[in-house]
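These numbers come from the heavy atoms of this one structure, side chains and all, not from hydrogens, waters or symmetry mates. We name chains A, B, ... by the order of the sequence lines, and we start the count at 1 in each one.
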Number of protein chains: 2
Amino acid sequence: MLILKLDRRKSRSLGRQMLEQIIDLIERGLLPPGYQMPSTRKLAERTGVNRTTVVRVYEELWALGYVESTPGSYTLVRRRKEIVSAGDQPAIGKPGNTGGAPVPVKKTLLDSGETPPQSGRGIQPRSGQETMDMELIHMDRLEPDPRLIDRQLFAASARRAVHDPADDMFGYCHPRGYPPLRRTLVRHMQLHGIHASDENILITSGSQNSLQLICQAYGSPGKAVVVEAPTYSMAIPLLRQMGLKVLEVPMEKDGMDLEALRIAMATQPVSLVYSMPTFHNPTGTTMGQARREALLDLCDRHGALLIEDSIEEEMKFFGKVHLPVKSMDDKECVLYLGSFSKVLAPGFRTAWIIAGKQHIVRLAGIKTAFELSSNTVSQVILQHFCSSGGYELHIRKMMRVFRKRMKTALLALKRHIPPDKATWDEPLGGFLVWLQIKPEISDLESRLETHGVRVAHGNIFFFTPPPKQYIRISISKCNEQEIEEGIRRLGQALA
Amino acid sequence: MLILKLDRRKSRSLGRQMLEQIIDLIERGLLPPGYQMPSTRKLAERTGVNRTTVVRVYEELWALGYVESTPGSYTLVRRRKEIVSAGDQPAIGKPGNTGGAPVPVKKTLLDSGETPPQSGRGIQPRSGQETMDMELIHMDRLEPDPRLIDRQLFAASARRAVHDPADDMFGYCHPRGYPPLRRTLVRHMQLHGIHASDENILITSGSQNSLQLICQAYGSPGKAVVVEAPTYSMAIPLLRQMGLKVLEVPMEKDGMDLEALRIAMATQPVSLVYSMPTFHNPTGTTMGQARREALLDLCDRHGALLIEDSIEEEMKFFGKVHLPVKSMDDKECVLYLGSFSKVLAPGFRTAWIIAGKQHIVRLAGIKTAFELSSNTVSQVILQHFCSSGGYELHIRKMMRVFRKRMKTALLALKRHIPPDKATWDEPLGGFLVWLQIKPEISDLESRLETHGVRVAHGNIFFFTPPPKQYIRISISKCNEQEIEEGIRRLGQALA
């Protein structure tokens with residue numbers, strides 16, 4: 001029987017209290033597997049808690065594997081599968097496949113929806129957790145939903161990091177990164193078919209920092225850097241600041257146009273090719289296997305280094321899994337970029353480069369000259385988080401949550417956007433959908449603002465303004481209700 | 001009566017247990033003010049704890065203000081002065097001057113001397129806490145002693161940072177830095193006579209990062225960067241990596257040779273002058289007021305920007321206090337560098353630049369292009385640490401500890417180094433003493449190694465190898481016993 005004791009006088013929000021108490025009831029067996037949960041509407045009425053909050057509690061219960069639900073049906077308490085230990089991690093893309101020693105599932109707390117966070121004015125200003133009906137829905141940001149973070153486990157990781165004198169988080173770090181975290185990441189990359197050693201990894205202060213170091217090491221005024229058109233928007237100010245010559249190669253339905261790349265490379269010297277074969281930002285596109293091989297071959301033949309930016313590698317939840325280009329790189333011409341920023345949290349500013357030893361030595365030398373070492377505090381806390389199994393658990397949770405959220409987004413797009421207003425391709429994972437708007441709408445930005453939804457406008461992803469009108473939708477910070485409502489508003493704005 | 005119950009089976013080290021129990025006895029009044037503590041030798045015998053550990057416990061008690069001692073006399077329990085709140089911070093250099101609302105003094109735990117930390121292989125590899133008689137004494141590192149960190153307060157700050165949804169430490173940060181920390185630092189700089197606003201500060205990933213951003217923004221191949229000779233050793237690879245032209249201007253007894261600077265500036269264009277007027281690294285020199293004014297005037301007249309690196313600003317514990325050049329900078333030609341790395345902990349990789357608004361806008365633009373934002377995790381934890389009064393407390397503790405440690409060092413130098421072997425000037429604060437070795441000793445490095453003491457060799461601080469032989473002694477990671485012993489060994493090596 002679901003009996004909750006919610007106390008409005010407590011500093012802990014009602015949503016958190018509700019979540020913790022339901023988890024407690026399930027774990028103690030008082031709500032057995034198969035128990036039919038009340039509808040969110042009923043529970044909201046009974047407890048006097050805002051419906052939106054109850055919906056979030058149910059979403060979190062689902063993400064943590066405590067309940068199951070099918071559309072239009074009841075929510076039932078579910079028998080949870082145990083999480084496998086890091087060494088027995090199932091293949092990516094098959095999260096149901098368990099094995100190995102079970103690790104207890106940690107509780108994850110839901111953020112209170114009641115404290116509006118500070119407004120930031122940064123490049124990706126942080127949102128509040130909006131009350132659905134009035135506030136702007138942010139589909140412009142590619143940044144993890146902080147509601148999905150296991151704060152208790154982070155607090156425990158930080159406590160262990162502070163008190164462990166052997167892991168001194170207060171001192172300078174090794175210039176290539178905190179050695180235990182390097183080992184953790186090298187092991188983790190094996191799951192993606194990348195077999196590196198400790199000499200092949202450099203921890204950096206975020207992927208932007210990785211890109212900067214690579215441009216500093218290998219960019220030269222006489223040679224061009226090839227980027228995809230469109231490309232990651234913040235590569236544009238970086239390459240401009242570094243004064244490097246840029247060549248744009250168009251994106252096709254399944255990745256960079258390699259014929260255009262071949263012609264470009266035949267006519268001028270190219271030092272670097274910057275590509276996002278998996279869940280390309282902004283288009284969401286994934287490059288097929290044949291094209292991956294051809295891209296690697298082209299770079300190899302022209303003596304160019306391939307920067308493989310794959311910071312959403314973990315989020316492969318639909319269809320066939322493609323291994324990174326780096327996994328086929330027997331001639332060491334790929335510099336692979338990984339990051340905690342898109343799947344866990346950008347606040348740690350912790351990312352990594354995997355490359356041949358000679359590249360790592362060169363990049364680490366520049367890193368030392370520019371910054372001495374990366375942030376030790378972040379790295380030591382992350383290492384404790386990873387070694388407790390928290391990162392594997394988090395990835396599994398993200399897979400579950402976003403497989404569902406992306407399905408919701410794709411259904412909502414079909415429902416709310418008429419085919420004569422916009423076209424899009426369905427991604428195999430990640431957080432992004434790229435829409436071509438047609439016919440073009442000159443006042444699109446203000447229309448969207450009026451309807452209360454924000455997206456990223458296509459032009460910011462190009463060096464040369466494109467002839468067509470695009471928008472990028474990101475679902476990374478929206479729950480299902482927000483996605484449904486945001487896309488409904490988008491449809492109204494386009495109508 | 002001093003009765004301790006030490007338990008060897010506990011995970012907490014004996015030193016920690018001893019420290020906590022003595023503090024508890026003093027706070028409960030069971031060891032009243034004036035109580036004569038047993039000698040460290042006696043207490044070591046009585047408890048069976050290593051003498052070195054007991055010495056560290058007493059040092060920590062002294063640093064926290066629980067006991068007083070005079071050389072050759074007993075250690076007595078002392079009536080502690082309460083710490084003032086941040087708003088009523090006494091002027092730097094007058095730490096005894098209290099006022100305002102008292103804030104309770106937090107307990108600071110001593111590191112266990114029993115767990116040898118991991119050996120690092122970085123640019124400043126971390127040491128163990130050596131057992132005095134056998135192990136190397138490290139006087140080569142300029143890095144805070146981690147034994148002086150208040151770990152409990154840091155653990156509490158981290159916990160608050162993780163659980164505070166309004167201060168989301170998991171997201172991207174404002175590109176100019178976490179706004180509450182910026183405000184804290186702006187307030188703090190007022191104590192040093194720098195009256196800046198929020199528009200005048202940029203938080204960076206350490207002072208090396210500050211320097212890199214400044215060189216990127218203002219360095220140009222056609223203009224020279226002036227550095228002092230000797231200068232901060234890691235400025236050398238940075239300036240080389242950036243491909244900038246460097247001009248060395250010699251150091252004199254009280255700072256940069258301004259006549260040489262004047263001649264250099266008259267003969268060629270100079271974009272930046274990099275100077276450390278306060279506790280110059282490596283010489284420990286502090287520039288006098290007249291020279292500060294003349295330096296500012298020269299930079300202003302020649303349209304050069306002055307980088308005032310003052311990352312040991314807080315450590316003014318002897319003699320007259322000089323205000324930063326920035327405090328006189330009414331024409332905005334000074335870029336002031338502050339940092340948490342030398343006084344608190346480099347692992348946070350958190351530093352700041354104070355400069356005119358137009359400079360901050362330019363530098364923040366480059367920072368965004370290179371890194372998006374600085375580390376949010378570090379900044380939010382530091383802000384909680386500062387706002388709880390922890391930083392002010394830590395500075396006061398550092399002043400007390402290093403005033404005493406530097407006195408010990410200067411006495412030991414007089415005692416152990418004959419004047420015909422080396423000469424040095426006494427610094428007004430900071431952690432460094434710079435020795436000229438005469439006559440020169442060709443096998444100095446191996447001699448020092450044989451005698452079990454490590455120092456920084458003078459050549460690494462020059463672009464052009466100097467005609468004389470120098471060494472730099474840093475006391476930042478040594479306690480008094482280590483300082484005395486290290487300098488004794490140095491004396492033997494020079495003999």
[X] versus chain B, the contacting section by heavy-atom distance below 4.5 Å:
X         : answer
Gln212(A) : side chain
Thr350(A) : neither
Leu213(A) : neither

Would you call [X] and [Y] a side-chain contact if the rule is heavy atoms closer than 4.5 Å?
X         : Y         : value
Thr368(A) : Gln208(B) : no
Phe370(A) : Met242(B) : yes
Val377(B) : Val377(A) : yes
Ile381(A) : Ile381(B) : yes

- Task: For the pair Arg151(A) (side chain) and Val162(B) (backbone), establish whether a donor and an acceptor sit closer than 3.5 Å, ignoring hydrogens and angles.
- Result: yes
- Message: Treating Asn209(A) as the side-chain partner and Glu371(B) as the backbone partner, does any N or O pair qualify as donor plus acceptor under 3.5 Å?
- Response: no
- Under 4.5 Å heavy-atom distance to chain A, tell me which part of Ser374(B) shows up: side chain, backbone, both or neither. backbone
Mind checking the [atom1]-[atom2] spacing from [X] to [Y]? Nearest 0.5 Å is all I need.
X         : Y         : atom1 : atom2 : result
Met169(A) : Phe348(B) : CE    : CZ    : 4.5 Å
Arg349(B) : Ser378(A) : CZ    : OG    : 12.0 Å
Leu238(B) : Ile366(A) : CG    : CD1   : 11.5 Å
Ser207(A) : Leu372(B) : OG    : CG    : 9.0 Å

Please report the closest heavy-atom contact between [X] and [Y], naming both atoms and the distance.
X         : Y         : value
Gly171(A) : Glu143(B) : CA-OE2, 3.8 Å
Tyr172(B) : Ser341(A) : OH-CB, 4.3 Å
Gln241(B) : Ala369(A) : CB-CB, 4.4 Å
Pro146(B) : Asp168(A) : CB-OD2, 3.5 Å

